[in-house]
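These notes are about the structure you will find just below.
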Amino acid sequence: MEQIKRSKVKALLNMNAGEDVLAKGWVRTKRGNKEVAFIALNDGSTTKNIQIVVDKAAFDENTLAKITTGACIAVNGKLVASIGSGQAVEIQANHIEVYGECDPVRFPLQKKNTSFEYLRTVAHMRPRTNTFGAILRIRSHMANAIHRYFYEKGFVYLNTPIITQSDCEGAGQMFQVTTLDMDNLPRNKKGGIDYSKDFFGKQTSLTVSGQLEGELGATALGEIYTFGPTFRAENSNTPRHLAEFWMIEPEMAFYDIKDNMDLAEDFIKSLVKYALENCREDIEFLASKYDEELISRLEGVCDTEFVRLTYTEGIEILEKAVAAGTQFEYPVSWGVDLQSEHERYLVEKHFGKPVILTDYPKEIKAFYMKQNEDGKTVRAMDILFPKIGEIIGGSEREASFALLDERVNELGMSRTNLEWYLDTRRFGSCPHSGFGLGFERLLLFVTGMQNIRDVIPFPRTPKNAEY
Ligand code: 4AD
Ligand code: MG
């Protein structure tokens, strides 16, 4: 049976009838009558199944009984033209080996319960569904597209540390990394925890962003990007937040805020275009099942120029909307951090296209952003997307040692682990900029999924770290 090379289902569906073939995969369904059985087989290479036609008289009953939904089988047979609709070819089975049986009663993936909520409770099995197969293939393609994009532009892929001492965003949302004995913590003279006894000899955490180390790379190599896991202990149980998510952070020497916006806009459009060209079948599958407007939304982003306006202008639009009767859960006025409902109002209701919002109040943005002459705002840029809200956050960085030093003092930040960062401004400082794209936010947009837990294989959220 193993003499013929195994073909993947995706390839089989495009092969010509007449060949002897070997297929391996998991049974999606089995139906039929007394004489023939029709098995829909899937191996994860495509959302489509290959149909196996089994002449029951030629097989022993025992084997046939073991072929149930979820079972893993290998099928040897002839590829023939299919008379049924839906597929050009099917396999006329000669021999079937059952690799793994599947108890039809206990199998967690049952036809009757396919809600996303339920599938999250059996996330170890959900990659076997068509929907998650499609999402995970798209995820893999998009990771590849990101590396290709930067590779072609000559950016250096820089690996920044996952364990770090610095809190880049200054929001205090770090997960601590320690090997200290929680039941018997070493104390210093003041009664505090003695971190000199910890693994690294100091307090460390999981990174919230690779940016600060990315700036070290950009101010030496010119243009770099990071692409790795980031961690935030923010207790926000929303459809757009994960405690562990992947972020892409390009950082470029000699880019001002406008260059930064141009790159970000081109980057995200290229990624969406790549998805439309290279993940078409999976996107069409998701569109047909969940979201009829998905493809037009994706094409819309590629074809349109993003709106660029300042935070102050954005607030004026939102205040006018409130005056005209629009109701938001959170109030808006100059100085507040925008909520997703505000961002989506600007994008979906007011402009009907992606928006790049710039020049935010310095109080609601991180310490490293370049200060504007008005003394109130910084050269930040957030890209806001339909259905998502913020998908990219970035800025031109403060290049002046004096101004950055002053801001660090103003915020009362600890300098014990910041001097290395300030050295970029002390020694040969240069204008530079960068941004961060949330990989799962991008995938939400590309797949049309509603919940960020459904675009990552093993979601980590408050009170949930299965597997
Ligand atoms: O806006 P953020 O916090 O910016 C930074 O971390 C900067 N250091 C980036 C930079 O300039 N290099 O995060 C960037 C993006 C957000 O726009 C969002 O897409 C995503 O990361 N993000 C999250 N995605 C999922 N779950 C979370 N909890 C996220 N927090 C941020
Ligand atoms: Mg942000």
Side-chain angles (χ1 to χ4, degrees), residues 6-10 12-13 23-32 37-54 62-75 84 86-87 90-91 93 96-141 239 242 279 281-291 294 440 443-444 446-461 463-467:
R6 171 202 165 211
S7 301
K8 292 192 189 182
V9 171
K10 190 182 168 92
L12 286 169
L13 292 170
K24 298 181 178 185
W26 293 267
V27 175
R28 283 290 157 80
T29 57
K30 186 174 90 172
R31 58 189 180 82
F38 299 100
I39 300 164
L41 194 71
N42 190 284
D43 64 0
S45 59
T46 162
T47 46
K48 298 201 176 109
N49 305 320
I50 183 110
Q51 175 156 284
I52 318 289
V53 184
V54 183
N62 207 9
T63 306
L64 289 177
K66 288 179 185 165
I67 303 172
T68 58
T69 296
C72 185
I73 63 172
V75 182
Q87 67 272 324
E90 60 194 21
I91 299 175
I96 299 180
E97 184 181 340
V98 178
Y99 283 148
E101 295 174 46
C102 179
D103 181 340
V105 179
R106 291 186 55 215
F107 187 44
L109 302 177
Q110 301 282 344
K111 254 211 167 87
K112 63 181 188 321
N113 198 348
T114 56
S115 73
F116 285 104
E117 289 77 12
Y118 169 71
L119 290 175
R120 272 173 228 141
T121 68
V122 290
H124 60 300
M125 283 280 134
R126 67 181 185 171
R128 295 235 202 130
T129 63
N130 276 345
T131 296
F132 283 89
I135 293 167
L136 295 178
R137 279 188 297 273
I138 293 172
R139 187 177 165 108
S140 170
H141 271 290
L242 289 166
C279 310
E281 194 181 286
D282 285 328
I283 288 175
E284 277 172 0
F285 170 79
L286 295 173
S288 71
K289 225 172 151 194
Y290 305 107
D291 184 354
L294 177 60
E440 287 76 19
L443 290 170
L444 274 180
V446 168
T447 62
M449 291 297 110
Q450 309 271 346
N451 194 309
I452 202 160
R453 292 162 181 78
D454 299 328
V455 295
I456 186 164
F458 307 105
R460 268 81 184 90
T461 50
K463 303 277 178 287
N464 174 42
E466 293 294 311
Y467 323 109

Q: Please say whether more than 12 non-hydrogen atoms of neighbouring residues, nucleotides or ligands are located less than 6.0 Å from CD in Gln51.
A: yes
Q.
Looking at Lys30, I want to see if its NZ is surrounded by more than 12 non-hydrogen atoms of other residues, nucleotides or ligands under 6.0 Å.
A. yes
(Q) Which residue in the set Lys24, Lys10, Arg6 passes salt bridge (Lys or Arg N to Asp or Glu O under 4.0 Å) when paired with Asp43? (A) Arg6
Is any side-chain heavy atom of [X] closer than 4.5 Å to a side-chain heavy atom of [Y]?
X      : Y      : answer
Val53  : Phe38  : yes
Ile283 : Val446 : yes
Leu41  : Val27  : yes
Cys102 : Thr69  : no
Tyr118 : Pro108 : yes

Return the [atom1] to [atom2] distance between [X] and [Y], rounded to the nearest 0.5 Å.
X      : Y      : atom1 : atom2 : answer
Ile50  : Gln87  : CD1   : CD    : 7.5 Å
Leu286 : Thr447 : CG    : OG1   : 6.5 Å
Asp282 : Thr47  : CG    : OG1   : 5.5 Å
Phe116 : Thr114 : CZ    : OG1   : 8.5 Å
Leu294 : Phe285 : CG    : CZ    : 12.5 Å
Ile456 : Leu444 : CD1   : CG    : 10.5 Å

Exercise: identify the closest heavy-atom pair between [X] and [Y]:
X     : Y     : answer
Trp26 : Gly70 : CD1-O, 3.7 Å
Leu12 : Ala23 : CD1-CB, 3.7 Å
Ala93 : Ile52 : CB-CG2, 3.8 Å

Please answer whether the main-chain N or O of [Y] pairs with a side-chain N or O of [X] as donor and acceptor at a distance below 3.5 Å.
X      : Y      : result
Gln110 : Pro104 : yes
Arg128 : Gly44  : no
Arg139 : Ala134 : no
Asn42  : Arg28  : no

Q) Which residues satisfy the side chain to side chain donor-acceptor pair (under 3.5 Å) test with Thr131, sequence neighbours excluded? A) Tyr290
Q: May I have the step-by-step check of side chain to side chain contact (heavy atoms under 4.5 Å, CB included) for Leu119 and Leu109, ending in yes or no?
A: CA-CA 8 Å; Leu119 290 175; Leu109 302 177; 3.7 Å; yes
Q.
Under the rule for ring-ring contact (aromatic ring centres under 6.0 Å, His included), what residues qualify as partners of Phe458, not counting sequence neighbours?
A. Tyr467
Q.
Suppose the criterion is salt bridge (Lys or Arg N to Asp or Glu O under 4.0 Å): which pairs have a residue in residues 447-457, not counting sequence neighbours?
A. Arg120-Asp454, Arg126-Asp454
